[in-house]
**Q** 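Okay, here's the structure, questions in a sec.
In what follows, chains carry the letters A, B, and so on, assigned in the order in which the sequence lines appear, proteins first and then strands, with residues in each chain numbered from 1.
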Amino acid sequence: MSQLEAEDDILSGLNPQQREAASHGEGPLLIVAGAGTGKTATLVHRVAWLIGQGIDPRRILLLTFTRRAAGEMLRRVDRILARQAGGGSLVRDARVWGGTFHAIATRLLRLYGKSIGLAAGFTIHDRSDSEDLLNVVRTELGLAKTDKRFPKKGTCMSIYSRCVNARQRLAPVLKRHFPWCEDWEDELKRLFDAYLDRKEAAAVLDYDDLLLYWDALLADEEAGERVRARFDCVLVDEYQDTNSLQASILARLCPTGRGLTVVGDDAQSIYGFRAATVRNILDFPKQYPAATIVHLEQNYRSTQPILAAANAVIGQARERYQKQLWSDRSGGDKPLLVTCENEQDQTESVIRRILQRREEGIDLRRQAVLFRASHHSIMLEAELTGRNIPFHKYGGLKFVETAHVKDLMAFLRLAENPRDLVAGSRVLVLLPGIGPKRSRALMQLLVESGGSLEPWRSWTPPLAAASEWPRLVELLEELRGGEQGLPAQIHAVRAFYEPILLEKYDNPAPRSRDLEQVEQLSSRYADRQAMLVELTLDPPSSTQDLAGPPQLDEDYLVLSTIHSAKGLEWDSVFVIHAVDGNIPSDMATGSPEEIEEELRLLYVALSRAENFLCVTCPLSYYYSPGRWSDAHGFAQMTRFLPPHVRKLFRECVSWIGGDGAGEEAEIVTGLSSEAIRRQTKDLWS
DNA sequence: CTGTTGAAATTTTTT
DNA sequence: ATTTCAACAG
C-alpha cells in the first residue's frame with residue numbers, strides 16, 4: 001500500500017471537515033464540534049493519522065475527561081491501525097499516553113516529582129479526604145467554634161479549590177462566588193496556609209495539587225524542559241470543560257501551540273462549578289493566533305425533529321461560537337413533552353414508555369433516563385427494583401465513597417504512606433478507646449519517626465484497646481513488608497476489620513459482601529499503589545461496573561446524572577424533573593452565568609438522543625429528597641422551554657388511571673393543566 | 001478523652 | 001434521612 005493509499009485508508013469514512021481536522025499539520029488546532037458531530041471519531045482518526053505519519057505513539061499525549069473515554073478512544077485507534085497494518089498493532093506495545101489531566105499528572109509526578117521536592121511515595125486525597133484534613137486544621141485553629149458560624153469544611157474546600165483552579169486570589173473569589181463568607185477572609189487565609197503545611201507533612205496531594213504540581217513542574221526550567229521534550233503532540237478532548245489552571249498546563253506544554261489540538265463545544269460547557277471556564281475555548285484563537293479552526297456541524301446522531309428542539313433550547317444562550325447543526329436524518333416524531341401530576345405519575349409514565357420501546361425492539365441498554373441531581377432518580381430506582389427491571393446508575397454517591405470501603409482503603413493507604421494523617425486517623429478511631437485526640441498524637445509520632453512503626457509498637461494503649469492494638473501494629477507491619485500480594489493484603493485487613501464492621505453498622509451483611517468484592521477485584525491491579533490511585537482518580541461509576549464488564553446478553557437500563565452523561569448517546573432518552581428548581585437547579589440561580597450553564601445542561605441532556613426523546617415535568621413535588629416530610633408544592637415547567645420552544649415538542653398530559661395503567665391526553669389548545677393550575681395558584685400565592 | 005445522646009440544620013453537578 | 005455540633009456521663 002502506498003503512503004497516499006494508507007492515509008486515505010485511515011481517513012476513510014470521514015466527511016471533509018473531519019478529514020481536514022484529522023490530517024491537520026503541526027500548527028495549533030481548534031475543533032469546534034457540536035453535539036453528535038463525530039468529535040470522538042475525528043480525534044481517534046487524528047491520533048491514528050499522526051501515528052501513520054511516523055510519530056512515535058509514546059510521544060502523543062491524549063487528555064480526556066474520564067479514563068473510560070481514554071480507553072475507548074485508544075482501542076479505536078488500535079482498530080484503525082490494525083486494519084491498516086493487516087493485523088499487527090503498532091499501538092499496543094508502544095502506548096499513547098492517555099488519561100485525565102489528573103491521572104497523567106500523577107504519572108508524570110511519580111517520574112519527575114523529586115525534582116520539585118515532591119516525596120516519591122505520595123498518596124492522593126479525594127474530595128472527602130481533603131475535607132477531612134481541612135476539618136482537622138479548622139478545629140486546631142479554633143475556627144470550629146466561633147461566635148458566628150464559620151463556613152463548613154465543604155464550603156472551605158470549595159473556596160480553596162476555586163482559588164487554585166481558577167488561579168484567582170481569595171478576595172475576588174469570595175466576593176464573586178462566596179459573598180456570605182467574606183467576613184472570614186483572614187481566617188480562611190490562615191486555614192489554607194495551615195492546610196498546605198499539613199499536606200506537605202503528610203506527603204499527600206489533593207486533586208488540585210495534582211494540577212498545581214504538574215504546572216509547577218512545567219514552570220521549572222530543567223524539569224519542565226524534560227517533560228516538554230517527551231511529547232510531540234498533545235490532544236485535549238472536552239476542552240470547554242477545562243479550567244484556567246489546565247489551560248496554563250497546556251500553554252507550558254506547548255508554548256507556541258505547535259502540536260496542540262483541542263476539541264470541544266462551548267455549548268456543552270457544564271463544569272463551571274469546578275472552575276471550568278468557557279473562556280478557554282472561546283479565547284483559544286486569541287491565545288494562539290496561528291490557530292486553525294475547524295467546525296463540525298453535521299450531526300449524525302439525532303433525527304431532525306430532536307435536533308430542532310435541542311437547537312431551539314441552546315438558541316436561547318448568549319455568547320457562543322455560532323454554529324448551525326444540521327442532520328440529514330429526516331423523519332421521526334417530534335420529541336415528547338409530558339406534563340405529569342406528580343413524581344409517581346412521572347415514574348409510571350417513563351417506565352411504561354421504556355417497556356413500550358423495548359417491545360418495539362429497543363433494548364434497555366439503548367435507553368437512558370437523565371436527571372439534574374443524583375437523588376432525582378430515587379423513586380424511579382425503587383420502582384424499577386420492584387418490577388425487576390435491571391438498571392445501572394451513573395453519577396451520585398460512588399461505591400468507593402461508602403464508609404466501609406473507605407475504612408478498608410484507609411488501611412491500605414496508611415500502609416502505603418504512614419504519614420497520611422487522614423487515612424491513619426480513620427483507621428485509629430476504629431479501635432475502642434481511641435478518639436480524635438489520641439489518633440492525632442499517634443499520627444504525630446509517625447510523622448516524627450519518618451514513617452517507622454516502631455513508636456507505635458512501644459506505645460501503651462488504653463485498656464479498651466489493649467487486645468486490638470498489638471494486632472493492628474502487626475497487621476500494618478505485614479502490609480508494609482510487601483511480602484503478600486494485594487488480594488492477600490486485603491484479606492488480612494478484612495480479617496481485622498470484620499468484627500469492627502459487625503459492631504459498627506446496623507445491617508453489616510451487604511457491606512461485608514462489598515468488601516469481599518473489593519478483595520476479588522484487587523487482583524486486577526498491578527499493585528497496591530496502582531489500585532489506590534485508580535480508585536481515587538477514577539472510581540467505578542456504578543457498583544455494577546465493579547463487578548467487571550457486563551455480560552453481552554445482559555440488558556439494563558441506564559440512569560445517569562446529566563453531567564455523567566456527557567459524551568454519551570442512546571437511542572431513547574428520557575429527561576425527568578424538567579421543572580424550575582431542578583433545571584435550573586435552585587442552587588444555581590445566583591448569577592446569569594450560572595443560569596446559562598443550566599441551560600447548556602438541558603441542551604446536553606436533549607442532544608444525547610438519537611431517535612426518541614421524552615421530557616417529563618412533574619408539577620407537584622416534595623420539598624425534600626427523602627420522604628420524612630410530606631410538605632409539597634407546585635412547580636413550574638423549566639423556564640428553558642418557553643412556548644416558542646415547546647412548539648417543537650408534542651405536548652401531553654399524563655395521569656394515572658384507576659387500574660394504575662397510565663392514560664394520556666394530548667394538549668391541543670395552548671392552555672395546559674399546568675397553566676390552569678398556575679392561574680389558580682396565583683389566587684392565593 | 002472517649003463515646004453517647006439529642007437537637008438542629010441541610011438542600012447539586014465531579015476530577 | 002443524614003450529617004454536624006454541643007452537652008454530659010463514664
**Q** Without hydrogens or angle criteria, can the side chains of T139(A) and R440(A) be said to hold a donor-acceptor pair below 3.5 Å?
**A**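 Per modelled atom types, T139(A) and R440(A) side chains form no pair under 3.5 Å.
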
**Q** Mind checking the NE2-CG spacing from H102(A) to L63(A)? Nearest 0.5 Å is all I need.
**A**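 H102(A) atom NE2 to L63(A) atom CG measures 11.5 Å (nearest 0.5 Å).
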
**Q** Nearest 0.5 Å please: distance from the NZ atom of K393(A) over to the CG atom of L384(A).
**A**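 One finds 11.0 Å between NZ of K393(A) and CG of L384(A).
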
**Q** Assign each of A373(A) and S161(A) to its nearest nucleotide of DNA chain B by heavy atoms, then name whichever residue's nucleotide is nearer the 5' end.
**A**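 Between the two, 5'-proximity favours A373(A).
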
**Q** If you apply the rule side-chain contact (heavy atoms from CB on, under 4.5 Å), what do you find for L61(A) with I104(A), and how did you get there?
**A** CA-CA 9 Å; L61(A) 176 58; I104(A) 297 293; 3.8 Å; yes

**Q** Between D237(A) (CG) and dT15(B) (P), how many Å, whole number?
**A**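 Rounding to the nearest Å, CG of D237(A) and P of dT15(B) are 15 Å apart.
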
**Q** Given atom CD of E401(A) and atom C1' of dT13(B), what is their separation to the nearest angstrom?
**A**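 In whole Å, dT13(B) C1' lies 13 Å from E401(A) CD.
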
**Q** Working to the nearest 0.5 Å, report the span between CD1 of I500(A) and CG of D407(A).
**A**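 Reported to 0.5 Å precision, the distance equals 8.5 Å.
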
**Q** Among dT15(B), dT12(B), dT13(B), which nucleotide sits nearest the side chain of H102(A)?
**A**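 The listed nucleotide nearest to H102(A)'s side chain is dT15(B).
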
**Q** Shorter than 3.5 Å, N or O on both sides, protein versus nucleotides 8-10 of chain C: list them out with atom names.
**A**
none

**Q** Kindly confirm whether the side-chain ring of F273(A) is stacked on the base of dT13(B), judged by centres under 5.5 Å and planes under 30°.
**A**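 Yes, the aromatic ring of F273(A) stacks with the base.
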
**Q** Side-chain N or O of T561(A) less than 4.0 angstrom from OP1 or OP2 on dT14(B)?
**A**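 Checking dT14(B) against T561(A), a side-chain N or O does come within under 4.0 Å of OP1 or OP2.
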
**Q** Please identify which of these residues, Y207(A), F178(A), F192(A), meets the ring pair (Phe, Tyr, Trp, His ring centres under 6.0 Å) condition with Y160(A).
**A**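 Answer to the ring pair (Phe, Tyr, Trp, His ring centres under 6.0 Å) test with Y160(A) among Y207(A), F178(A), F192(A): F192(A).
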
**Q** If I take atom CZ in residue R274(A) and atom P in nucleotide dT14(B), what distance separates them, rounded to the nearest angstrom?
**A**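 It is 9 Å, rounded to the nearest whole Å.
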
**Q** Let me know the distance between CG of L431(A) and C1' of dC1(B), rounded to the nearest Å.
**A**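 It is 15 Å, rounded to the nearest whole Å.
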
**Q** Hey, which of these two, Y207(A) or P432(A), hits DNA chain B nearer its 5' end, going by closest nucleotide?
**A**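 It is P432(A), whose closest nucleotide lies nearer the 5' terminus.
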
**Q** I595(A) CD1 to dT12(B) C1': how many Å, rounded?
**A**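 Spelled out: CD1 on I595(A) to C1' on dT12(B) is 15 Å.
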
**Q** Heavy-atom count around E381(A) CD within 6.0 Å, excluding the residue itself: above 12?
**A**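 Check passes, neighbour count above 12.
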
**Q** Nearest of dT13(B), dT12(B), dT15(B) to any side-chain atom of M587(A)?
**A**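 Closest nucleotide to the M587(A) side chain: dT12(B).
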
**Q** Applying a 4.0 Å non-hydrogen cut-off, can you work out what S564(A) is touching in the nucleic acid: base, sugar-phosphate, or nothing?
**A**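 Sugar-phosphate contact only - S564(A) comes under 4.0 Å of backbone atoms but never of a base.
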
**Q** Ring of F122(A), cation from R110(A) - is the NZ or CZ under 6.0 Å from the centre and inside 45° of the axis?
**A**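 Yes, a cation-pi geometry holds between R110(A) and F122(A).
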
**Q** For a quick check of understanding: with a heavy-atom distance under 4.0 Å over all strands, which category does Y271(A) fall into, base, sugar-phosphate or nothing?
**A**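 Sugar-phosphate, no base atom in range.
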
**Q** Quick one: sort the W469(A) and W456(A) rings into parallel, tilted or perpendicular, breaks at 30° and 60°.
**A**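 The arrangement is tilted - the two ring planes meet at 30° to 60°.
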
**Q** NA contact type, I270(A), heavy-atom cut-off 4.0 Å: base, sugar-phosphate, or nothing?
**A**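 Answer is nothing: I270(A) stays at 4.0 Å or more from every strand.
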
**Q** Does S585(A) make a side-chain N or O approach to OP1 or OP2 of dT13(B) shorter than 4.0 Å?
**A**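 For dT13(B), OP1/OP2 do not have a side-chain N/O of S585(A) under 4.0 Å.
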
**Q** Specify the separation, in whole Å, of atom CG of L428(A) and atom P of dC1(B).
**A**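 Answer to the nearest Å: 15 Å.
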
**Q** Measure the distance from CG on L463(A) to P on dT2(B) and round it to the nearest whole Å.
**A**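 Going from CG in L463(A) over to P in dT2(B) covers 15 Å.
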
**Q** Nearest to the side chain of P436(A) - dT12(B), dT14(B), dT2(B)?
**A**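 So the side chain of P436(A) is nearest to dT2(B).
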
**Q** Polar-atom pairs under 3.5 Å, protein N or O versus N or O of nucleotides 2-5 of chain C: list them with distances, or write none.
**A**
from   : atom 1 : to      : atom 2 : distance (Å)
dC5(C) : OP1    : R138(A) : NH2    : 3.0

**Q** Roughly how many Å is it from CG in L568(A) to P in dT14(B), rounded to a whole number?
**A**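 For the pair L568(A) CG and dT14(B) P, the rounded distance is 13 Å.
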
**Q** Any donor-acceptor pair under 3.5 Å linking the side-chain atoms of T100(A) with those of R67(A)?
**A**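 No.
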
